[in-house]
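Take a look at the structure set out below.
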Amino acid sequence: MKNAELSLEVDNTKLTADNFKSKYKTELSLLQFITADIKEVKTTGSHLQMETDCLKVELQMLNEELSCLKKDHQEDIVKLQEDQSKCQVKVEVNSQPANDLTKALEEMREHYKVIVWSSNKKTEPWLVSKFRQCNYQNTMALEPLQTQKREVTLLRRTTQNLEAELENLHNLKASRMATLTETEQNYAAQLQRMQNIISRREDELAKTRAEFKQMSADGGILHYLKDLLEMEIKTYGQLMDAEEIRMDTSNGPLRTSTSKQMYMFLISEAMSITCKSLFIS
């Protein structure tokens, strides 16, 4: 019972260790994904930094070119002013008195303001509708994109969870296979030991059967000898009884006692021989 409890505790500890390993691997995979995203962000930042540096360099070059152009323009203006100061021409023109240009300009300005206001009033609803339509199209185009991004994120998380579960199942399968292999080895060793014990017991049983058969054969021989001895003793007893009867009639009681002593001696010798043969067997 103690060994079973210890083995159960060991199995529970192994399962706990496998769960911790699977959790560690899951966290490690998440960490790897996060580090990969960080690396991508860093690379994107480095590209943006490079583009920013390039744009700064281009801006500096354009500023220098603009300063050069301004300087050239200033020089050209100075030259033109100098040339104009050198070449002065006086022209006198007899013409009719001019009309009031300021008044005409004011009228034209007012006329064009009215035209612009009317055109703005006509085109404003169209621009608003176009702006709303563009915003609606942009939102309608962004919604599937956001939905697809969310679906991709969910699929990535589901894939990560499934990979973690698959890794856990692989670890559990490996632990079960190791436990199964160990159990098979233990049972194979126990079976081998039992087979060895059974073979030894079969050998001992065969030896015991052989000894029993030998003892049975010896016992039959001994019973046969015993029967022979009993028959001989009985024959000797009958002969002795006949001899006693004959001697009683002829020699008297002395001969009878002698024959009885001889009979008892023969019986004791026969019994001693039987006991010795039994002891030897």
Side-chain angles (χ1 to χ4, degrees), residues 1-53 138-221 279-281:
M1 290 291 287
K2 287 182 180 179
N3 289 327
E5 290 177 357
L6 289 173
S7 64
L8 183 61
E9 289 179 358
V10 168
D11 292 333
N12 292 328
T13 308
K14 285 181 180 179
L15 289 174
T16 306
D18 292 333
N19 289 326
F20 279 118
K21 284 181 181 178
S22 63
K23 288 180 180 179
Y24 171 73
K25 288 182 179 179
T26 305
E27 294 294 333
L28 184 62
S29 63
L30 291 173
L31 179 62
Q32 289 176 356
F33 282 118
I34 291 167
T35 51
D37 292 335
I38 290 169
K39 286 181 180 179
E40 289 179 358
V41 171
K42 285 183 178 180
T43 52
T44 307
S46 62
H47 288 305
L48 290 173
Q49 187 66 32
M50 291 173 66
E51 289 178 358
T52 305
D53 295 333
N138 290 326
T139 53
M140 292 298 291
L142 285 173
E143 284 180 358
L145 183 62
Q146 294 293 331
T147 306
Q148 290 178 359
K149 284 184 178 179
R150 287 194 294 270
E151 289 178 356
V152 168
T153 305
L154 290 173
L155 288 172
R156 185 178 293 173
R157 290 178 181 174
T158 307
T159 305
Q160 291 176 359
N161 293 325
L162 290 173
E163 287 178 353
E165 290 179 359
L166 181 63
E167 189 69 24
N168 291 330
L169 290 173
H170 281 304
N171 293 326
L172 185 60
K173 181 182 177 183
S175 64
R176 290 285 187 271
M177 289 297 292
T179 306
L180 179 61
T181 304
E182 186 178 358
T183 306
E184 286 179 353
Q185 290 176 358
N186 291 327
Y187 279 113
Q190 291 179 5
L191 182 62
Q192 187 65 33
R193 287 196 297 271
M194 291 176 71
Q195 286 179 354
N196 293 328
I197 292 167
I198 289 167
S199 61
R200 286 199 300 271
R201 292 290 183 270
E202 286 179 352
D203 293 335
E204 291 177 358
L205 182 61
K207 289 179 181 179
T208 306
R209 284 178 179 175
E211 291 176 356
F212 181 73
K213 287 180 180 180
Q214 187 67 31
M215 289 174 68
S216 297
D218 294 336
I221 293 168
F279 178 75
I280 290 166
S281 65

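From Thr183, atom OG1 reaches atom CZ of Arg176 across 10.5 Å, with rounding to the nearest 0.5 Å. In this structure, His170 NE2 and Glu163 CD are separated by 10.5 Å, a value rounded to the nearest 0.5 Å. The CD atom of Gln195 sits 10.5 Å away from the CD1 atom of Ile197 when rounded to the nearest 0.5 Å. Distance check: Ile198 CD1 to Leu205 CG gives 12.5 Å after rounding to the nearest 0.5 Å. With values rounded to the nearest 0.5 angstrom, Ser46 atom OG is found 13.0 Å from Lys39 atom NZ. For the atom pair CD (Glu182) and CG (Asn186), the distance works out to 5.5 Å, reported to the nearest 0.5 Å.
The heavy-atom pair separating Asn171 from Asp18 by the smallest distance is O-OD2, 4.5 Å. Between Leu155 and Thr159, the shortest heavy-atom distance links the atoms O-OG1, 2.6 Å.
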message = Is there a side-chain contact (heavy atoms from CB on, under 4.5 Å) between Leu162 and Leu166? Walk through the geometry before answering.
response = CA-CA 6 Å; Leu162 290 173; Leu166 181 63; over 6 Å; no

inquiry  = For a side-chain contact (heavy atoms from CB on, under 4.5 Å) check, start with the C-alpha distance between Glu27 and Leu31, then their side-chain angles and the critical distance, and finish with the verdict.
reply    = CA-CA 6 Å; Glu27 294 294 333; Leu31 179 62; over 6 Å; no

request  = Go through the steps for Leu172 and Leu15 under the test side-chain contact (heavy atoms from CB on, under 4.5 Å), then give the verdict.
outcome  = CA-CA 8 Å; Leu172 185 60; Leu15 289 174; 3.6 Å; yes

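Taking the side chain as every heavy atom from C-beta outward, Leu30 and Gln160 approach each other to under 4.5 Å. You'll find the side chain of Leu169 stays beyond 4.5 Å of the side chain of Lys173, heavy atoms only.
Using a cut-off of 4.0 Å between Lys/Arg side-chain N and Asp/Glu carboxylate O, Arg201 and Glu204 are scored as salt-bridged.
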